[in-house]
2 protein chains.
Amino acid sequence: MTTIYDIAKRAGVSPTTVSKVLNGYPDVSLKTRGKVQRIMSELGYQPSAAARSLATNRSMTVGVFFQDHVNSGLRHPFLHDVLASFKDVVGGKGYDLLLFSDAERENFPSGFEARAKHRDVDGLLLVGVPRTDPGLVALARSRIPVVSIDLDLIGSRASYLMSDNLGGTRAAMSFLLNNGHRKIAFIGDRLGTKPGHDRMLGYQQSLQELDLPFRSEWMLDGDFTEVSGYEAMKKLLQVSELPTAVFCASDMMAIGAFRALQEVGKKPGQDISVMGFDDIELARYVTPSLTTVRQNKEEMGRLAAFELLELMAREDKPPTVITVDTEIVVRESVCSIS
Amino acid sequence: MTTIYDIAKRAGVSPTTVSKVLNGYPDVSLKTRGKVQRIMSELGYQPSAAARSLATNRSMTVGVFFQDHVNSGLRHPFLHDVLASFKDVVGGKGYDLLLFSDAERENFPSGFEARAKHRDVDGLLLVGVPRTDPGLVALARSRIPVVSIDLDLIGSRASYLMSDNLGGTRAAMSFLLNNGHRKIAFIGDRLGTKPGHDRMLGYQQSLQELDLPFRSEWMLDGDFTEVSGYEAMKKLLQVSELPTAVFCASDMMAIGAFRALQEVGKKPGQDISVMGFDDIELARYVTPSLTTVRQNKEEMGRLAAFELLELMAREDKPPTVITVDTEIVVRESVCSIS
DNA sequence: TGCATTAACGAAAGCGGTTTTGTAATCATC
DNA sequence: GATGATTACAAAACCGCTTTCGTTAATGCA
């Protein structure tokens with residue numbers, strides 16, 4: 001490895017000076033600076049990030065805890081997209097991402113805070129992390145800048161971001177009503193996620209405000225996956241009076257509901273309307289294509305990145321909760337009824 | 001930050017000893033070891049990865065260059081899955097992943113090798129990297145262990161891994177023949193990727209060996225995306241004699257082909273059979289569901305991980321090319337004809 | 001009892017940078 | 001031309017951990 005000392009010797013200056021050109025300090029003459037830079041590129045010099053971290057206590061990396069696998073329904077296709085746009089923004093500022101593995105090894109640091117400190121990350125992004133994780137409280141108290149997505153973690157330097165689940169759901173309910181639907185069932189979330197909770201709230205509020213009938217058999221729940229949507233719909237089909245539309249808290253559950261309907265010879269989008277939430281890639285491709293509430297994934301990633309950059313930049317940046325607008329995407333799975 | 005010195009002072013031993021218990025050296029008495037460990041956990045001590053990297057020249061991270069966006073057709077849904085299973089395996093060995101951002105900033109190291117050295121990664125995974133990247137040659141020559149996926153990069157310590165594209169394609173062709181298809185068109189890859197090339201090879205070889213008719217108008221190409229498949233199929237529909245089946249080098253192109261067919265009132269899977277490659281999640285959900293050649297994503301990730309772990313462990317591990325078996329998934333988009 | 005081993009621990013020199021402080025030389029100012 | 005301010009550079013301590021090489025004390029053996 002070629003070090004700062006090698007450069008210094010070749011250039012006939014001190015390591016200090018080399019370091020200074022590396023960091024753009026002003027007190028280096030133009031001539032010296034040029035010479036040093038030339039030698040650096042001649043030797044293909046690369047500063048060691050580890051050494052720099054050690055000295056500065058900054059690593060230019062942001063750590064990411066990304067729980068996939070779990071609940072592959074909501075998570076999988078969706079969160080990767082927000083991560084991608086997040087990466088683009090922070091990457092533009094020179095940060096690389098450290099993707100923490102979720103394999104817990106004995107004798108290895110465990111818990112968000114410990115692992116973040118271990119790796120000296122400058123900030124943290126939490127994505128797909130369950131609300132129940134015991135490490136969250138410690139993290140909220142810590143001085144580590146963190147932004148979480150779809151998880152209502154607020155702390156001394158912890159902001160969070162999620163779609164306007166309440167508003168999106170209410171818009172969806174109005175949309176259904178405008179299409180003549182008054183008997184609307186709901187397939188929600190038994191996992192206790194914050195987005196799931198808000199969507200349920202939106203459903204209930206809408207029922208009240210729009211003066212729609214409430215029936216407890218019309219409230220089912222699942223875990224965001226296709227099969228849970230399938231099963232919920234199965235159960236729904238048993239009740240004495242059927243709704244004309246069902247609103248699902250995730251697209252995957254809506255797709256599962258499709259299947260349950262088709263199995264009993266009913267056509268989704270004609271016999272019973274189905275609406276989803278998320279607008280995953282699949283939504284356009286299923287038959288009938290899925291009318292749904294779109295979460296703006298790219299925007300979420302971008303905003304999360306900006307927020308985290310600010311938290312990292314200013315010690316006193318107050319934590320925020322950020323809400324991202326949703327949008328109704330009209331396709332074929334909701335029909336108008338008289 | 002609490003350091004090894006703080007622990008040492010509290011325990012009444014030298015920093016050396018603390019370091020030794022940290023690393024499991026044998027020359028520490030049971031009593032001392034226990035005491036030190038207790039104090040560590042009392043103080044919530046976390047060793048600094050940066051300091052350790054600096055001292056040992058190992059970082060316990062593997063770097064990942066992941067080009068998404070580009071060619072979102074093949075890439076997107078597919079490669080994330082292999083990355084996930086890769087992460088699980090290396091994570092189990094204590095490695096975290098460093099996801100390099102592809103935003104090139106001026107004044108920042110560029111090129112695979114430079115960035116890898118900058119971050120002191122112990123190994124590298126290349127995924128979705130175009131064959132034409134100028135940094136590849138340097139990387140192949142370097143001493144950095146690297147495994148690439150779907151990219152035929154071989155070097156002093158560089159192995160690569162890809163599906164059995166040739167075999168998979170040939171199996172697909174036989175499958176089509178067994179279903180009575182002799183007039184088979186091909187939508188391939190104009191990008192020059194290695195998998196694309198092998199699939200085309202498989203097509204041509206099969207034509208010869210199975211004694212099937214070759215027509216140059218039956219060879220189209222695209223870039224793995226849906227729209228390119230759509231356009232290729234459009235073009236194909238113009239030719240004087242239509243094939244009875246078309247084999248596409250990616251599922252997304254097959255889905256694009258569906259659309260082109262439907263636009264002219266033809267039913268994919270009935271009027272013209274369509275077969276894809278990859279078995280992305282979508283394949284099961286489109287109508288008709290897509291008969292395709294499955295790439296075993298989880299297996300690819302796992303094998304890539306094992307290979308990289310070996311390359312990192314042994315200086316003299318010879319580079320290998322690994323081939324992962326494919327499998328035909330029969331669904332509805334191919335029909336039997338007389 | 002004397003000697004060679006072995007077990008347990010510590011001193012100190014790195015690893016490759018950054019940063020504070022200092023100093024010599026140049027410059028502007030009156 | 002003496003004084004103070006600037007400019008350009010360097011010495012050296014430090015960041016937190018590893019590792020080599022000693023050293024001392026305890027142990028084994030004859």
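Within every chain, numbering begins at 1; the chains are lettered A, B, ... in the order of the sequence lines, protein sequences first and strands thereafter.
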- Task: Mark up nucleotides 6-17 of chain D, 5' to 3', with B wherever a protein heavy atom is under 4.0 angstrom from a base atom, S wherever such an atom reaches only the sugar-phosphate, and - elsewhere.
- Result: --SBBBB--BBB
- Only counting residues at least two apart or in another chain, list the ones meeting side chain to side chain contact (heavy atoms under 4.5 Å, CB included) with B/R58. B/T56, B/M60, B/Y95, B/D122
- Below 4.5 Å, heavy atoms only, C-beta onward: do A/V147 and A/L126 meet side chain to side chain? no
- Can you tell if the side chain of A/S14 reaches within under 4.5 Å of the side chain of A/T17, non-hydrogen atoms only? yes
Tell me the interatomic distance from [X], atom [atom1], to [N], atom [atom2], rounded to whole angstroms.
{"X": "B/M60", "N": "D/dT18", "atom1": "CE", "atom2": "C1'", "value": "16 Å"}
{"X": "B/Y25", "N": "C/dG10", "atom1": "OH", "atom2": "P", "value": "16 Å"}
{"X": "A/M40", "N": "C/dG16", "atom1": "CE", "atom2": "P", "value": "16 Å"}
{"X": "B/H118", "N": "C/dG17", "atom1": "NE2", "atom2": "P", "value": "10 Å"}
{"X": "A/D6", "N": "C/dC15", "atom1": "CG", "atom2": "P", "value": "10 Å"}

- Message: The criterion is salt bridge (Lys or Arg N to Asp or Glu O under 4.0 Å); which residues satisfy it with A/K9, sequence neighbours excluded?
- Response: none
- Between B/F65 and B/F112, how do the two ring planes meet: parallel, tilted or perpendicular, split at 30° and 60°? perpendicular
- Query: In terms of side-chain heavy atoms, does A/S163 have a donor or acceptor partner in A/Q295 at a distance below 3.5 Å?
  - Reply: yes
